Amino acid sequence: MNILLCCNAGMSSSILVKKIREAAQKRGMEIQITAVPSAAIRDEVGKWDVCLVGPQLVYAVSNIKSQLNIPVASVEPRVYAMADGDKALDFAIGLMEG
């Protein structure tokens with residue numbers, strides 16, 4: 001599973017990326033995950049299965065989805081703020097499964 005996390009600048013999202021990676025390892029899942037700023041989203045087309053968007057960019061979800069053409073949704077603010085890797089990973093899996 002390939003997960004893209006889109007954010008403003010990448011500071012807080014890098015923490016969430018680490019926590020999602022740890023949650024996946026505990027479950028024995030192989031994932032690729034990275035965080036990119038929204039300004040760089042065009043460079044990511046065709047590389048990812050699902051895109052999680054930081055809550056500060058909830059207004060950009062439809063625009064990001066139209067560019068990437070994959071499932072895209074905003075992470076719940078509390079999950080993002082607490083860097084809850086397990087809940088964020090569950091959210092990404094659910095998003096991908098439709």
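Remember, it's a predicted structure, so these values are computed and weren't measured experimentally.
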Grouping I, L, V, M, F, W and Y whenever their side-chain heavy atoms are under 4.5 Å apart, do [X] and [Y] come out in a common cluster?
X: Val50; Y: Trp48; value: no
X: Val53; Y: Met96; value: no
X: Val72; Y: Val45; value: yes
X: Ile31; Y: Leu16; value: yes
X: Tyr59; Y: Tyr80; value: no

Atom of [X], atom of [Y] and distance for their closest heavy-atom approach:
X: Cys51; Y: Ile70; answer: N-CD1, 3.8 Å
X: Val17; Y: Leu5; answer: CG2-CD2, 3.9 Å
X: Leu89; Y: Met29; answer: CD2-SD, 3.9 Å
X: Cys7; Y: Ser13; answer: SG-OG, 2.9 Å
X: Pro71; Y: Asp49; answer: CD-O, 3.4 Å
X: Phe91; Y: Ala73; answer: CZ-CB, 3.6 Å

Would a 4.5 Å heavy-atom cut-off, applied to side chains only, mark [X] and [Y] as touching?
X: Ile20; Y: Leu52; value: yes
X: Lys87; Y: Val75; value: no
X: Val36; Y: Asp43; value: no
X: Ile93; Y: Met1; value: yes

(message) With a 6.0 Å cut-off (strictly less than), is the heavy-atom count around CD of Glu22, excluding the residue itself, greater than 12?
(response)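 Yes, the 6.0 Å shell around CD holds more than 12 heavy atoms from other groups.
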
Quick one: [atom1] on [X] to [atom2] on [Y], what's the gap to the nearest 0.5 Å?
X: Lys19; Y: Ser14; atom1: NZ; atom2: OG; result: 11.5 Å
X: Arg42; Y: Leu68; atom1: CZ; atom2: CG; result: 10.5 Å
X: Gln25; Y: Glu30; atom1: CD; atom2: CD; result: 10.0 Å
X: Gln56; Y: Cys6; atom1: CD; atom2: SG; result: 8.5 Å
X: Ile33; Y: Leu4; atom1: CD1; atom2: CG; result: 8.5 Å

(message) Test your reading of the model: is there a side-chain donor-acceptor pair from Arg27 to the backbone of Asp86, 3.5 Å cut-off?
(response)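 Such a contact is found between Arg27 side chain and Asp86 backbone.
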
(request) Carefully, step by step, assess Asn63 and Ile41 under the rule side chain to side chain contact (heavy atoms under 4.5 Å, CB included). (result) CA-CA 10 Å; Asn63 183 34; Ile41 204 74; over 6 Å; no

